[in-house]
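One structure is given here, and the rest of the page talks about it.
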Amino acid sequence: MPSFNQSIFQPAVFFLTGIPGFETYHAWISIPFCCLYAIAISGNSMILFVITTEPSLHEPMYYFLSMLSFTDLGLCLSTLVTMVGIFWFNAREISLDACIGQMFFIHGFTLMESSVLLAMAFDRFIAICNPLRYAAILTNSRIIKAGFAILIRGTTALVPLLLLLKRLSFCRSRVLHHSYCFHPDVMKLSCTDTKINSAFGLAIVIATAALDLVLILLSYVLIIHSVLSIASPEEREKAFGTCVSHLSAVAIFYIPMISLSLVHRFGRHAPPLAHTLIANIYLLIPPVMNPIIYSVKTKQIRKAMLRIFLPKLI
């Protein structure tokens, strides 16, 4: 068992956590986790491949879907190495620099996914509320610019946050609650003042994910108002049907993220297993479910997959 009473002048080393209380069963527990990773990676890769190779899907809605699959793929790959290392080799140690690097990708892809979901909400708003100007507003050049803006937004805000974390000294128990590095989890282990780090982290969350969620909800208020003004029940059903997949993606992304934030902020006395399970749900469920949702609910995606992978059936 490693000693945690290390000097603050030594390089910080943290110890990741698998499933608390079930360490002897990690090899067996790794099987469902590996299956989830395989589903997430193969599913999102398939979505990217289908949208790239199928000309009929070269439309704004599917470009944004490919961005969503890219961010989900990035989230999976950001935690795969440490997860496999813990379950298979009991490799729990991680240096501060490696931890900061992993946090950059995890939080970066999380902010990018929030931005992509907002862009998809804007896409649905234009398609339903102003369909005649849809092609004129969402041109290819504007979608490319939106992609670059999402990338820049998801990375630049994190640089000062992680630099502030690097200046902290760590002299308490360095055992993290998760199988990956998460900023609030690492910050709690510092023995120096973290008020600036906490305030800056909260400001980033409010200015990005929280603002995105408010704008997404506002867009759907306007969408519902527009749809209810449609006279034909069939047209209403069709309009709402185009939003089901996106609403599902929003729910499975924001609900685990909000739950994890609440556990870190108010769940000091919650059992370690609760922290671990919510953290794994937060990172694995959206990448696993999004390809399934869009494959089942979106007829064009489903038909394109059948044309590519099962041409004889078609």
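Residue numbers start at 1 and run along the sequence shown. This structure is a prediction, so every number in the text was calculated from the model and none was measured.
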Other residues, nucleotides, ligands: >12 heavy atoms within 6.0 Å of [X] [atom1]:
X      : atom1 : value
Leu211 : CG    : yes
Tyr134 : OH    : yes
Phe70  : CZ    : no
Glu237 : CD    : no
Arg167 : CZ    : yes

Pairwise distance [atom1]([X]) to [atom2]([Y]) - rounded to 0.5 angstrom:
X      : Y      : atom1 : atom2 : value
Leu151 : Thr71  : CG    : OG1   : 11.5 Å
Ile47  : Thr52  : CD1   : OG1   : 10.5 Å
Leu77  : Ile106 : CG    : CD1   : 11.5 Å
His26  : Ile19  : NE2   : CD1   : 5.5 Å
Ile137 : Leu132 : CD1   : CG    : 10.0 Å
Asp72  : Met112 : CG    : CE    : 11.0 Å

Give the minimum heavy-atom separation between [X] and [Y], together with the two atoms involved.
X      : Y      : result
Gln102 : Ser78  : NE2-O, 3.0 Å
Ile128 : Cys243 : CD1-SG, 3.5 Å
Gly108 : Leu158 : N-CD1, 3.1 Å
Ser179 : Asn280 : OG-OD1, 3.7 Å
Asn197 : His183 : O-CE1, 4.2 Å
Ile150 : Ala119 : CD1-CB, 4.4 Å

My understanding is that only residues two or more places apart in sequence, or in another chain, count here; which of them pass salt bridge (charged side-chain N to carboxylate O under 4.0 Å, His left out) with Glu59? none

Any non-hydrogen side-chain atom of [X] less than 4.5 Å from a side-chain atom of [Y]?
X      : Y      : result
Thr192 : Phe170 : no
Ile94  : Val13  : no
Phe200 : Leu164 : yes
Leu165 : Leu168 : yes
Phe253 : Ser114 : yes
Tyr254 : Ile216 : yes
Thr82  : Cys181 : no
Ile301 : Val296 : no

Got a donor-acceptor contact below 3.5 angstrom from the [X] side chain to the [Y] backbone?
X      : Y      : result
Arg92  : Thr17  : no
Ser115 : Leu111 : yes
Glu23  : Gly21  : yes

Under the salt bridge (charged side-chain N to carboxylate O under 4.0 Å, His left out) definition, can you give me all pairs with a residue in residues 207-216, not counting sequence neighbours? Arg153-Asp212

All pairs passing salt bridge (charged side-chain N to carboxylate O under 4.0 Å, His left out) where residues 275-302 contributes a residue, at least two apart: none

Evaluate the side-chain contact (heavy atoms from CB on, under 4.5 Å) criterion for residues Leu161 and His107: first the C-alpha distance (whole Å), next the side-chain angles of each, then the deciding distance (0.1 Å), finally the verdict. CA-CA 11 Å; Leu161 180 68; His107 293 292; 6.0 Å; no

Could you go step by step and tell me if Ile281 and Ser259 meet the side-chain contact (heavy atoms from CB on, under 4.5 Å) rule? CA-CA 10 Å; Ile281 289 172; Ser259 300; over 6 Å; no

Pairs flagged by side chain to side chain donor-acceptor pair (under 3.5 Å) wherever residues 240-252 is involved - sequence neighbours left out: Tyr220-His246

For Cys76 and Met83, run side-chain contact (heavy atoms from CB on, under 4.5 Å): C-alpha distance rounded to whole Å, both residues' side-chain angles, the deciding distance at 0.1 Å, then the answer. CA-CA 10 Å; Cys76 282; Met83 188 80 76; over 6 Å; no

Using the side-chain contact (heavy atoms from CB on, under 4.5 Å) rule, take Ser198 and Met187 through it: C-alpha gap first, then chi angles, then the decisive distance, then the call. CA-CA 8 Å; Ser198 182; Met187 186 178 62; 4.1 Å; yes

His275: partners by ring-ring contact (aromatic ring centres under 6.0 Å, His included), with sequence neighbours left out: His177, His264

For Ser69 and Tyr294, which I'm curious about, is there any donor-acceptor pair between the side chains at under 3.5 Å? no

According to the interplanar angle, ranging from 0 to 90°, do the rings of Phe22 and Tyr25 count as parallel (below 30°), tilted (30 to 60°) or perpendicular (above 60°)? tilted

Residue pairs fulfilling ring-ring contact (aromatic ring centres under 6.0 Å, His included) with at least one residue in residues 33-68, sequence neighbours excluded: Phe33-Phe87

